[in-house]
Amino acid sequence: MQRTFIGDLRSHIGEKVQIHGFLQTLRDQKKMQFLIVRDQTGLVQVAFWKANDAALAEQISTLGAESVVTITGAVVDNPVVKLGGLEVQLESLQVESTAGSPLPLDPFAETIPSIDYRLDWRYLDMRRPQVAAIFQVQTTAEQAFREYWLQHNFIEVHSPKLMGSPSESGAELFEVQYFETKAYLAQSPQFYKQMAMAAGFERIFEIGPVFRADPSFTSRHMTEFTGIDMEISYIESHEDVMVFLENMLAHVYSRVKEVHGEKIKEMFGVDLVVPTTPFPRIPMTRALEILKEEGYQLPAEKKGDIDPGGERTLYNWVKKTYNHDFFYLTDWPIAVRPFYHMRYADRPEVTKSFDLIANGTEIVTGAQREHRYDILAKQAVEKGLSLETIQFYLDFFRYGCPPHGGFGMGLSRLLMMMLNLPNIREAVFLFRGPNRLNP
RNA sequence: GGGGGCGUGGUGUAGCGGCUAACAUGCGGCCCUGUCAAGGCCGAGACCGCGGGUUCGAAUCCCGUCGCUCCCGCCA
């Protein structure tokens, strides 16, 4: 018999159907049993008159909450039933899998355990529809990104995550045994994205894993996360990248709101706002002035960088000045940016780079890249890098490479900001951190 | 790596120098009822993270340790 989704039962009144799902609640009475069954589309009440089959009634009585059942029965319109005004009158029941009792984590308890305990029992935690909703939103968001890229002639790439030599600084790399030698887990697809530019791909994107060996204990860091990266050729400056990004994000927010707006309001209390473009842009020098005006004291050792508290202060300023949730912090000093960021011809101390701050948290870093071999090599040396280890990368720029730029964004950080989640661990399927490798 | 906070039945909390450790929820049993966040009664379940100290007396105070968490650093 064909399966009917619980969410579609209304259109099957009077028919015999088969449903599958978890037994969320059993109300076991003297003459009747009411089973609340849940599948991915919703909940339904199943009614059973015990007198119909005493043995079956007895079997049902022993079922622990969250057991998996297949039920056939007639769908009956019944306004008395508070759950959707209909019920399935049970004809047969098959237990697919019994759930032990008590559950270590009851997904439908009034109080939700701490995040760490929830991660121990993540598959039970994820049975809550609010959790599933996060990943439905993520799915739509990723689809919207792809839609936008494909509309703009992008090529999707998948760069390797095992690397033979440390790229960039090397401090935050995971080292792994690789046969007789050592390999490193990619902490960014940066070099390979640029290689695609040298290959003449012109516009590429990648959604893939990124590894950072940073022992960071915060609500927004992970040691493995999904990076959304893109790179485009023939730009004049980082401004072109920012324009592309803001329009793409507006598209993504618009699609997510269209598909999940109601659910997001209901489950997360967030009235999703599709951001208007262009986003406010604040050059670093101006940002420092604003912080001064706002009375925010930057730590003395910061030297032109801005700490998270400063970013939040700027966000509040942007919110009250422009009523916008996003802003670009642009033109960062070379001291706090990697060697491959291009510098202004007339201001060699300043990079053509930006961060995107959403609701006070950094979610994107981007820049125009330096594509001129000699200058790139010079900047690398200046930053104390060994040319030898990055020679393969420098070679990309020896036989013709278009001017280009791009960005990297944290998927979970975006989701966290979008749904106003308190912790990135909520926004990722399975969290990986310095102290968390399981499940 | 530095700093703050928290560790009490399965879970979430209360208690913060005299506790035979309380409440909610869950779990088990019984009763009642077309139930529906069901209701009622009974019951099991915690040597209060661990180790040491102060005290007549410690879940409560102190020190150490471990775990978790948040902030900073770093970043997406």
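Note on Gly408(A): only backbone sugar-phosphate atoms sit closer than 4.0 angstrom, heavy atoms only; bases stay farther off. Within the nucleic acid shown, Ser101(A) comes within 4.0 Å of sugar-phosphate atoms alone, with no base atom in reach, counting heavy atoms only. At the heavy-atom level, Pro215(A) lies under 4.0 Å from base atoms of the strands shown. The residue Phe108(A) sits apart from the nucleic acid: no heavy atom pair falls under 4.0 Å.
Residue order along RNA chain B, read from the 5' end via each residue's closest nucleotide, puts Pro113(A) first among Glu311(A) and Pro113(A).
Nucleotide G7(B): paired with C66(B) (Watson-Crick or G-U wobble, both distances less than 3.5 Å). Here G1(B) sits opposite C72(B) as a Watson-Crick or G-U wobble pair (both hydrogen-bonding atom distances under 3.5 Å).
Across C71(B), U25(B), C74(B), the shortest atom-to-atom separation from the side chain of Arg312(A) is found for C71(B). The side chain of Ile115(A) lies closest to U69(B) when the candidates are U69(B), A76(B), U11(B).
Contact between the side-chain N/O atoms of Arg425(A) and the OP1/OP2 oxygens of C70(B) is found at a separation under 4.0 Å. The side chain of Thr365(A) places an N or O atom within less than 4.0 Å of a non-bridging phosphate oxygen (OP1 or OP2) of A76(B). Contact between the side-chain N/O atoms of Ser114(A) and the OP1/OP2 oxygens of G12(B) is found at a separation under 4.0 Å. Within the structure, every side-chain polar atom (N or O) of Arg337(A) is placed at least 4.0 Å from both OP1 and OP2 of C74(B).
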- Task: For each nucleotide in nucleotides 29-35 of chain B, reading 5' to 3', give B when a protein heavy atom comes within less than 4.0 Å of its base, S when such contact involves only the sugar-phosphate, and - otherwise.
- Result: ---SBBB

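Counting distance only, with no hydrogens placed and no angle test, the side-chain atoms of Arg413(A) and the base atoms of C75(B) include a donor-acceptor pair under 3.5 Å. Put simply, the side chain of Thr218(A) and the base of C70(B) share no donor and acceptor less than 3.5 Å apart.
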